[in-house]
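Read through the structure below, which is laid out as structure tokens, and then see the notes.
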Amino acid sequence: MPQTKPIVSVENVVASASVDQKMDLNEITRTFPDVEYHPDQFPGLVFRLKSPKTATLIFTSGKMVCTGSKSEEMARKAVKTVVQKLRKGGIKVKKDAVVEIQNIVASINLGGKIHLEQAARTLPRSMYEPEQFPGLIHRMLDPKTVILLFSSGKLVCTGAKKEPDVYRSVNNLHALLEEKDLMIYD
Amino acid sequence: RLRTWDSRSQVHEPVDRNFRQAFSELDRLKDKLAVGDAVIEKAAYIYRKALEKGLVRGRSISALIASALYAACRDTETPRTLKDIGQASNIKRKDIARCYRLLLRELNLKMPVVDPIKCISRIASKAGLSEKTKRKATKILQTAEENKISAGKDPMGLAAAALYVACVTNGENKTQRDVAEAAGVTEVTIRNRYKGLKVALNL
DNA sequence: GCTTTAAAAAGTAAATT
DNA sequence: AATTTACTTTATAAAGC
């Protein structure tokens with residue numbers, strides 16, 4: 001019954017990973033001159049890949065955080081590539097990394113405008129402060145995500161750990177907006 | 001004033017030391033911002049709720065009262081910007097905004113959306129604009145809101161643009177810079193809002 | 001709470017040209 | 001005044017202050 005089909009695009013995936021062994025970040029810095037490592041500023045070493053275009057933070061514990069992927073699969077591939085490069089560079093990594101998706105950010109176009117100030121009054125758990133930010137911030141309980149709504153009809157969904165949760169969030173909200181008559185289609 | 005809370009302060013020790021500090025700060029802000037007693041009482045009420053929910057732990061008392069006062073202003077539709085509260089309290093605008101959003105989330109507060117029409121008076125008095133211009137700006141914003149160009153825009157920017165347009169049509173000699181300065185926005189923002197106003201009002 | 005990383009939305013701001 | 005760069009908001013992990 002929604003009047004339009006939302007166009008969803010995953011923009012960023014954050015994944016945590018672990019190779020379950022201590023890592024010598026100074027050794028990595030020596031063999032990979034392009035990495036950024038400033039221990040007094042931040043304990044993680046930044047390892048950037050051109051493809052997939054990602055940034056992976058590596059900690060002495062062997063735990064990692066990979067950001068910038070456009071999909072869950074790309075994030076897993078990026079972590080594998082990082083471990084592969086470390087091994088090629090002579091860094092001993094015994095096990096393969098165990099990857100967990102932590103957050104998915106998606107942009108959405110609903111295909112119609114949203115009546116924001118009315119939505120601010122009728123949507124529960126929402127905040128609309130145009131002096132601070134042009135979007136309305138809505139906290140969805142199930143799936144537990146946060147959606148930013150803009151008057152243009154575009155959205156940003158974040159907090160999801162699975163791609164299906166992004167779609168469920170968007171569909172829930174879209175139905176809610178139509179139900180409460182907050183959509184404006186031309 | 002604030003005697004009610006002071007008397008409690010002598011009964012419950014650690015909590016009330018916090019109250020005293022909070023309310024003396026609130027009293028100081030009251031004079032600096034020239035807000036009424038009703039706003040101060042609301043701010044005190046919000047702060048007390050925050051304290052009961054344990055939101056003060058590890059947080060700056062000053063930042064929290066300032067935020068509670070901003071929330072009270074919003075709730076009573078008293079036009080005070082985050083910038084105003086920031087200057088009066090010497091706390092960064094960003095920190096007040098963050099605490100304010102925390103109060104909204106944790107205390108489940110619902111605030112009315114800021115009405116740009118209520119921003120007109122403050123800007124007009126700072127810039128020294130006439131009553132006639134204020135009335136015209138109000139009319140402009142009323143028509144503008146019906147054409148929903150305000151969504152997502154800073155209410156101060158909208159009010160400033162409406163006042164600037166009103167000045168031009170009334171022949172009041174004020175530059176964009178004068179109005180922008182009084183409103184705390186840039187001339188570029190006034191120009192951008194003016195474009196939308198022109199379309200919505202056929203100017 | 002902060003520090004760092006990534007990305008989108010739309011508004012505002014500041015620095016260049 | 002047009003461009004460019006940059007910051008506002010949201011979530012999320014990592015180790016340590």
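Just so we're on the same page: letters track the sequence lines, and every chain starts at 1.
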Exercise for review: Please determine if a side-chain N or O atom of A:S16 lies less than 4.0 Å away from the OP1 or OP2 oxygen of D:dA14.
Suggested key: no

Practice item. Classify the nucleic acid contact of A:T145 as base, sugar-phosphate or nothing, counting any heavy atom under 4.0 Å across all strands shown. Key: nothing

Revision key, fill the gap. Considering only heavy side-chain atoms of A:V46, the closest of C:dT5, C:dA13, D:dA15 is C:dT5

Check your understanding: Can a side chain N or O of A:S107 be found less than 4.0 Å away from OP1 or OP2 on C:dA9?
Key -> no

Review point. What integer number of Å spans the C1' atoms of C:dA7 and D:dT3?
Key: 23 Å

Exercise for review: Going by the side-chain contact (heavy atoms from CB on, under 4.5 Å) test, name the single residue among B:L107, B:L55, B:L103 that passes it with B:K49.
Suggested key: B:L107

**Study point:** Options D:dT10, C:dT5, C:dG11, nucleotide nearest the side-chain atoms of B:K153
**Key:** C:dG11

Review point. Out of D:dT10, C:dT5, D:dA15, which has the shortest distance to the side chain of A:R139?
Key: D:dT10

Practice item. Look at B:T186 and C:dA13 and indicate whether a side-chain polar atom (N or O) is within less than 4.0 Å of OP1 or OP2. Key: yes

Review point. With a non-hydrogen cut-off below 4.0 angstrom, is A:V13 in contact with a base, only sugar-phosphate, or nothing?
Key: nothing

Point to revise | The single option from A:V82, A:V65, A:L49, A:V83 passing side-chain contact (heavy atoms from CB on, under 4.5 Å) against A:T56 | key: A:V82

Review point. Which nucleotide in the set C:dT3, C:dA8, D:dT10 lies at the smallest distance from any side-chain heavy atom of A:V105?
Key: C:dA8

Review point. Which part of the nucleic acid, if any, lies within contact of B:G152, taking any heavy atom under 4.0 Å across all strands shown: a base, the sugar-phosphate backbone alone, or nothing?
Key: sugar-phosphate

Review point. What's the closest nucleotide to the A:N12 side chain, out of C:dA7, C:dT5, D:dA15?
Key: C:dA7

Review point. A:F42 on top of C:dT3's base, within under 5.5 Å and under 30°?
Key: no

Exercise for review: Ignoring backbone atoms, test whether A:R48 places a side-chain nitrogen or oxygen under 4.0 Å from the OP1 or OP2 oxygen of C:dA6.
Suggested key: yes

Exercise for review: Check step by step if salt bridge (Lys or Arg N to Asp or Glu O under 4.0 Å) holds for B:E25 and B:R28.
Suggested key: CA-CA 5 Å; B:E25 174 75 2; B:R28 198 177 62 79; 3.1 Å; yes

Practice item. Give a yes or no on this: more than 12 heavy atoms of other residues, nucleotides or ligands lie within 6.0 Å of atom NZ of A:K162. Key: no

Exercise for review: Whole angstrom is fine here: how far is it from OH in A:Y128 over to P in D:dT8?
Suggested key: 20 Å

Point to revise | Derivation of the side-chain contact (heavy atoms from CB on, under 4.5 Å) call for A:L57 and A:F42 | key: CA-CA 10 Å; A:L57 307 177; A:F42 188 71; 4.1 Å; yes

Study note, to complete from the structure: Under a 4.0 Å heavy-atom cutoff, the residues of residues 189-203 of chain B touching DNA chain C are B:T189, B:R193

**Study point:** Check against salt bridge (Lys or Arg N to Asp or Glu O under 4.0 Å), B:R74 and A:E131
**Key:** CA-CA 12 Å; B:R74 288 292 306 280; A:E131 331 168 54; 3.5 Å; yes

Check your understanding: Should B:R93 be listed as having a side-chain N or O under 4.0 Å from OP1 or OP2 of D:dT8?
Key -> no

Practice item. Please measure how far the P atom in D:dT8 lies from the corresponding atom in C:dC2, and state the result in whole Å. Key: 12 Å

Check your understanding: For atom P, what is the distance between C:dA13 and D:dT9, given to the nearest Å?
Key -> 15 Å

Check your understanding: Which nucleotide sits closest to the side chain of A:K70: C:dA7, C:dA9, C:dT5?
Key -> C:dA7

**Study point:** Phosphate contact (C:dA7 OP1 or OP2) by A:K53 side-chain N/O below 4.0 Å
**Key:** yes

Check your understanding: Is any side-chain N or O of A:T158 under 3.5 Å from a base N or O of D:dA11, one able to act as donor and the other as acceptor?
Key -> yes

Exercise for review: Using a heavy-atom cut-off of under 4.0 Å over every strand shown, decide if A:V146 touches base, sugar-phosphate, or nothing.
Suggested key: sugar-phosphate

Review point. Between A:K154 and C:dA8, does any side-chain N or O lie under 4.0 Å from OP1 or OP2?
Key: no

Point to revise | Integer angstrom distance from the P of D:dA1 to that of C:dA9 | key: 27 Å

Review point. Touch check for A:S9, heavy atoms < 4.0 angstrom, all strands: base, sugar-phosphate only, or nothing?
Key: nothing

Check your understanding: So what does B:R98 hit on the nucleic acid, given a heavy-atom distance under 4.0 Å: a base, only sugar-phosphate, or nothing?
Key -> sugar-phosphate

Revision key, fill the gap. Here the distance between atom P of D:dA11 and atom CG of A:L141, to the nearest Å, is 14 Å

Point to revise | Separation of D:dA11 P from A:E100 CD (nearest whole Å) | key: 20 Å

Point to revise | Per A:F150 side chain, nearest of listed nucleotides D:dA11, D:dA14, C:dA10 | key: C:dA10

Exercise for review: Mind running side chain to side chain donor-acceptor pair (under 3.5 Å) on A:T29 and A:N26 for me, showing each step along the way?
Suggested key: CA-CA 5 Å; A:T29 305; A:N26 289 311; 5.0 Å; no

Check your understanding: Any side-chain donor-acceptor pair under 3.5 Å between A:S169 and A:N172?
Key -> no

